[in-house]
**Q** 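The structure under discussion is supplied below as structure tokens; questions concerning it will follow.
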Amino acid sequence: MTLTGLFVPLITPFAANGDLAADALAGLAHEVLDDGATGIVALGTTAETATLTPEERHRVLDICGTVCRERNAPLIAGAGTNCTADSAEALAALGSAVTAALTVVPYYTRPSEAGVIAHFRHLAASSPVPLIVYNIPHRTGRALGPDTLHELARIPNIIGFKHAVGGIDDTTTTFMAALPPDVTVLAGDDLHAAALLALGATGGILATAHLTTSAFATLIDLWRNGPIQEARTLTHRLAPLSAALFAEPNPVVIKSVLAAQGRIPTPTVRLPLLPATSETTTAALEALNQLSVTVRA
């Protein structure tokens, strides 16, 4: 299975009383699919999954699964921790609506690379759905070399990677140069997505696409199919918005802008995150407005 195109990692909207805003979540899922996303990601980092109760996580997955079934769209679900046994339990609980599980490299514990391979080999053998390895070393504290990435790619039931290493480094270029043709690589760094697409990524999981879904869907298509000059032009137009949205910890600025647009009821985030400042929100709204002007031009 090779996944291609744009996948939007949905935020979790909250109502004024702090509860999950279920209708707003379903609305966002439909909106991004209407605007060109291939599929959605539920319970990723952008969803503030660590702060959700088990009941809320189940509800988010149910809402997103219902939308994806209605729209015949793939659903990727975050499932995985730094405990192998707990990760296996979470994967086993995923429902039939899930196309693949986004499973993070074990964090904080900082296992050896051999330990990371053993972790994913165990999970892949028991998971009812294919796995996408979430490689994000600045969050996990565990960088992976190209040999380890290639070894993970050869494990049955691992279909790909969300690659978010903060740029295009030597490991990335070596990894992408010898990637098996049936392995999915989805860009996970919004600002560096174009560079990874140029190296052969098949799509992206990109939070900025909450606010400009069609442009990011077009960006992925242009880098994969051309014309390349149009891809370059759109890349440069999108960069200021991504920079503005990540000026504070994700997803606080995205939620602030969505609330300002009236697409979610509040900009509320849960501690330890703090709401975006008014200055950052204003800068993001200005970047979004400027993008709209340049795209129309």
**Q** With distance as the sole test, does D189 use its side chain to make a donor-acceptor pair with the main-chain N or O of V165 at under 3.5 Å?
**A** yes
**Q** Which is it for E113 and R142 under the side chain to side chain contact (heavy atoms under 4.5 Å, CB included) test, yes or no, and what are the steps along the way?
**A** CA-CA 8 Å; E113 292 188 67; R142 173 70 273 175; 4.1 Å; yes
**Q** Among R57, K255, R270, which residue meets the salt bridge (Lys or Arg N to Asp or Glu O under 4.0 Å) test with E48?
**A** K255
**Q** Check whether the side chains of D35 and S214 place a donor and an acceptor atom closer than 3.5 Å, and report yes or no.
**A** no
**Q** Hey, is the main chain of A47 close enough, under 3.5 Å, to the side chain of T12 for a donor-acceptor pair?
**A** yes
**Q** Just by modelled atom types, is the P106 backbone N or O under 3.5 Å from a matching donor or acceptor in the H119 side chain?
**A** no
**Q** Is the closest side-chain heavy-atom distance between V252 and L274 below 4.5 Å?
**A** no
**Q** Has the side chain of T4 got a donor or acceptor atom that lies under 3.5 Å from a matching backbone atom of G203?
**A** no
**Q** Is a donor from one side chain sitting under 3.5 angstrom from an acceptor on the other, for D86 and T81?
**A** no
**Q** Run the salt-bridge test on E56 and R59 with the 4.0 Å N-O cut-off and return the result as yes or no.
**A** no
**Q** Show the numbers, then the answer: is there a side chain to side chain contact (heavy atoms under 4.5 Å, CB included) between M176 and T172?
**A** CA-CA 6 Å; M176 296 298 294; T172 299; 4.1 Å; yes
**Q** Carefully, step by step, assess L288 and L245 under the rule side chain to side chain contact (heavy atoms under 4.5 Å, CB included).
**A** CA-CA 10 Å; L288 183 60; L245 294 177; over 6 Å; no
**Q** Looking at side-chain heavy atoms only, is the closest gap between I136 and K162 below 4.5 Å?
**A** no
**Q** Between T38 and F7, is there a side-chain heavy-atom distance shorter than 4.5 Å?
**A** yes
**Q** With the 4.5 Å side-chain cut-off for hydrophobic clustering, are L234 and L191 part of the same group?
**A** no
**Q** F175 vs H150 aromatic rings, parallel, tilted or perpendicular, using cut-offs 30° and 60°?
**A** tilted
**Q** Under a 3.5 Å distance rule, please check whether T46 uses its side chain to pair with a backbone N or O of I11 as donor and acceptor.
**A** no
**Q** Give a yes-or-no answer on whether the side chains of T277 and E248 include a donor-acceptor pair shorter than 3.5 Å.
**A** yes
**Q** Identify the residue among I117, V105, T171 that makes a side-chain contact (heavy atoms from CB on, under 4.5 Å) with L144.
**A** V105
**Q** Is there a donor in the side chain of S292 and an acceptor in the side chain of N289, or the other way round, less than 3.5 Å apart?
**A** no
**Q** If only atom types and distance count, is the side chain of T49 paired as donor or acceptor with the main-chain N or O of T45 below 3.5 Å?
**A** no
**Q** Examine distances only and state if a side-chain atom of R263 and a backbone atom of L28 form a donor-acceptor pair shorter than 3.5 Å.
**A** no
